[in-house]
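This report refers to the structure that appears directly beneath it.
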Amino acid sequence: MAKPSKSEPAIEGAKQSARAKSGSVTGRALPASHAVNQARFNAVMQAAERSGLLAEKSGRIGGRVSPALVAQAKRRTGIEADTDLIEFALASIALEDDFAEAFKKSRGKVDPDLKLGF
(Lines give C-alpha, C1' and ligand atoms only; values in the text may rest on other atoms or scores of the structure.)
Protein backbone atom coordinates (compact mmCIF):
# COMPACT_ATOMS: atom_id res chain seq x y z
CA MET A 1 0.00 0.00 0.00
CA ALA A 2 1.36 3.44 -0.94
CA LYS A 3 2.36 5.79 1.83
CA PRO A 4 0.11 8.89 1.97
CA SER A 5 1.83 12.11 1.02
CA LYS A 6 2.23 14.94 3.51
CA SER A 7 -0.12 17.12 1.43
CA GLU A 8 -3.11 14.75 1.68
CA PRO A 9 -4.22 15.96 5.14
CA ALA A 10 -4.04 19.56 3.87
CA ILE A 11 -6.13 18.67 0.83
CA GLU A 12 -8.73 16.89 2.97
CA GLY A 13 -8.81 19.87 5.35
CA ALA A 14 -9.38 22.22 2.42
CA LYS A 15 -12.24 20.02 1.18
CA GLN A 16 -13.87 20.03 4.62
CA SER A 17 -13.45 23.81 4.83
CA ALA A 18 -15.08 24.24 1.42
CA ARG A 19 -17.97 22.02 2.53
CA ALA A 20 -18.45 24.07 5.67
CA LYS A 21 -18.43 27.34 3.70
CA SER A 22 -20.88 26.10 1.09
CA GLY A 23 -23.09 24.48 3.71
CA SER A 24 -23.11 21.34 1.59
CA VAL A 25 -22.19 17.98 3.03
CA THR A 26 -21.05 16.83 -0.41
CA GLY A 27 -19.11 19.99 -1.18
CA ARG A 28 -21.48 20.75 -4.05
CA ALA A 29 -23.66 23.79 -3.70
CA LEU A 30 -26.87 24.38 -5.59
CA PRO A 31 -27.38 27.57 -7.61
CA ALA A 32 -28.14 30.61 -5.43
CA SER A 33 -31.64 30.86 -6.91
CA HIS A 34 -32.48 27.59 -5.14
CA ALA A 35 -31.58 28.63 -1.57
CA VAL A 36 -34.63 26.89 -0.04
CA ASN A 37 -33.79 23.69 -1.84
CA GLN A 38 -30.13 23.98 -0.73
CA ALA A 39 -31.30 23.69 2.89
CA ARG A 40 -33.40 20.62 2.10
CA PHE A 41 -30.59 19.08 0.05
CA ASN A 42 -28.14 19.64 2.90
CA ALA A 43 -30.53 18.24 5.52
CA VAL A 44 -31.17 15.05 3.55
CA MET A 45 -27.54 14.52 2.62
CA GLN A 46 -26.29 15.21 6.17
CA ALA A 47 -28.84 12.73 7.57
CA ALA A 48 -27.74 10.16 4.99
CA GLU A 49 -24.11 10.73 5.93
CA ARG A 50 -24.86 10.39 9.67
CA SER A 51 -26.73 7.16 8.91
CA GLY A 52 -23.71 5.75 7.10
CA LEU A 53 -25.49 5.67 3.76
CA LEU A 54 -22.80 7.69 1.99
CA ALA A 55 -19.75 5.97 3.48
CA GLU A 56 -18.75 4.01 0.38
CA LYS A 57 -19.35 5.09 -3.18
CA SER A 58 -18.40 2.06 -5.21
CA GLY A 59 -21.85 1.13 -6.53
CA ARG A 60 -23.05 2.08 -9.97
CA ILE A 61 -26.59 2.14 -11.33
CA GLY A 62 -27.97 2.71 -14.76
CA GLY A 63 -31.34 2.88 -16.39
CA ARG A 64 -33.42 4.63 -18.98
CA VAL A 65 -35.65 7.43 -17.79
CA SER A 66 -37.65 10.15 -19.44
CA PRO A 67 -35.58 13.28 -20.11
CA ALA A 68 -38.65 15.31 -19.11
CA LEU A 69 -38.67 13.58 -15.71
CA VAL A 70 -34.99 14.35 -15.14
CA ALA A 71 -35.38 17.96 -16.30
CA GLN A 72 -38.38 18.57 -14.04
CA ALA A 73 -36.61 16.99 -11.05
CA LYS A 74 -33.59 19.19 -11.67
CA ARG A 75 -35.79 22.31 -11.92
CA ARG A 76 -37.65 21.41 -8.71
CA THR A 77 -34.52 20.65 -6.70
CA GLY A 78 -31.96 22.97 -8.27
CA ILE A 79 -29.60 20.01 -8.58
CA GLU A 80 -27.70 20.16 -11.86
CA ALA A 81 -25.60 16.98 -11.86
CA ASP A 82 -27.27 13.65 -12.61
CA THR A 83 -25.22 11.85 -9.94
CA ASP A 84 -26.20 14.39 -7.26
CA LEU A 85 -29.86 14.15 -8.31
CA ILE A 86 -29.86 10.34 -8.11
CA GLU A 87 -28.04 10.37 -4.76
CA PHE A 88 -30.48 12.93 -3.32
CA ALA A 89 -33.51 11.00 -4.58
CA LEU A 90 -32.26 7.69 -3.18
CA ALA A 91 -31.30 9.28 0.16
CA SER A 92 -34.75 10.91 0.41
CA ILE A 93 -36.44 7.54 -0.06
CA ALA A 94 -34.03 5.67 2.22
CA LEU A 95 -34.56 8.16 5.05
CA GLU A 96 -38.34 8.46 4.72
CA ASP A 97 -39.93 8.36 8.17
CA ASP A 98 -43.26 6.70 7.24
CA PHE A 99 -45.14 9.15 9.48
CA ALA A 100 -48.28 9.10 7.33
CA GLU A 101 -48.51 5.30 7.48
CA ALA A 102 -47.97 5.23 11.25
CA PHE A 103 -50.60 7.97 11.65
CA LYS A 104 -53.14 5.97 9.60
CA LYS A 105 -52.49 2.83 11.66
CA SER A 106 -53.27 4.71 14.87
CA ARG A 107 -56.71 5.80 13.63
CA GLY A 108 -59.42 4.72 16.04
CA LYS A 109 -56.94 3.53 18.67
CA VAL A 110 -57.37 6.40 21.12
CA ASP A 111 -59.84 5.72 23.91
CA PRO A 112 -62.93 7.91 23.27
CA ASP A 113 -63.23 8.52 27.05
CA LEU A 114 -59.72 10.00 27.24
CA LYS A 115 -59.83 13.52 28.74
CA LEU A 116 -57.78 15.79 26.49
CA GLY A 117 -58.28 18.99 28.51
CA PHE A 118 -60.47 20.97 26.14
Side-chain angles (χ1 to χ4, degrees):
M1 182 172 247
K3 183 178 177 183
S5 72
K6 291 181 181 180
S7 65
E8 284 182 17
I11 293 170
E12 187 57 36
K15 287 180 185 176
Q16 289 174 351
S17 176
R19 286 183 197 128
K21 286 178 187 172
S22 73
S24 173
V25 72
T26 63
R28 296 173 291 238
L30 300 178
S33 62
H34 290 80
V36 172
N37 288 328
Q38 180 72 55
R40 181 175 176 210
F41 177 82
N42 286 342
V44 168
M45 299 311 290
Q46 287 171 356
E49 186 171 32
R50 283 191 307 271
S51 299
L53 297 174
L54 303 180
E56 181 186 339
K57 292 189 179 184
S58 62
R60 183 169 173 84
I61 62 171
R64 298 195 185 282
V65 295
S66 163
L69 175 63
V70 174
Q72 179 67 8
K74 286 181 176 183
R75 274 192 299 277
R76 293 280 314 257
T77 62
I79 298 171
E80 295 175 352
D82 290 350
T83 298
D84 293 344
L85 182 66
I86 293 166
E87 188 174 54
F88 174 73
L90 290 172
S92 295
I93 293 166
L95 296 169
E96 215 169 72
D97 67 2
D98 298 324
F99 173 78
E101 191 59 37
F103 191 67
K104 286 179 194 175
K105 286 181 181 178
S106 70
R107 184 180 175 129
K109 305 257 170 126
V110 178
D111 185 353
D113 295 328
L114 181 66
K115 303 291 184 206
L116 298 175
F118 55 85

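On a predicted model such as this, the values are computed, not experimentally measured, just so you know.
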query = In terms of hydrophobic clustering (I, L, V, M, F, W, Y; side-chain heavy atoms under 4.5 Å; direct or indirect links), are Phe41 and Leu54 co-clustered?
reply = yes
query = How would you list all residue pairs meeting ring pair (Phe, Tyr, Trp, His ring centres under 6.0 Å) that involve residues 56-79, not counting sequence neighbours?
reply = none
ask   = Sequence neighbours excluded, which residues qualify as side chain to side chain contact (heavy atoms under 4.5 Å, CB included) partners of Leu85?
value = Val70, Ala73, Lys74, Thr77, Ile79
task = Looking only at non-hydrogen atoms, find the nearest pair between Met45 and Phe88 and report the distance.
result = SD-CA, 3.9 Å
message = Donor-acceptor check, side chain of Ser51 to backbone of Leu53, threshold 3.5 angstrom: yes or no?
response = no
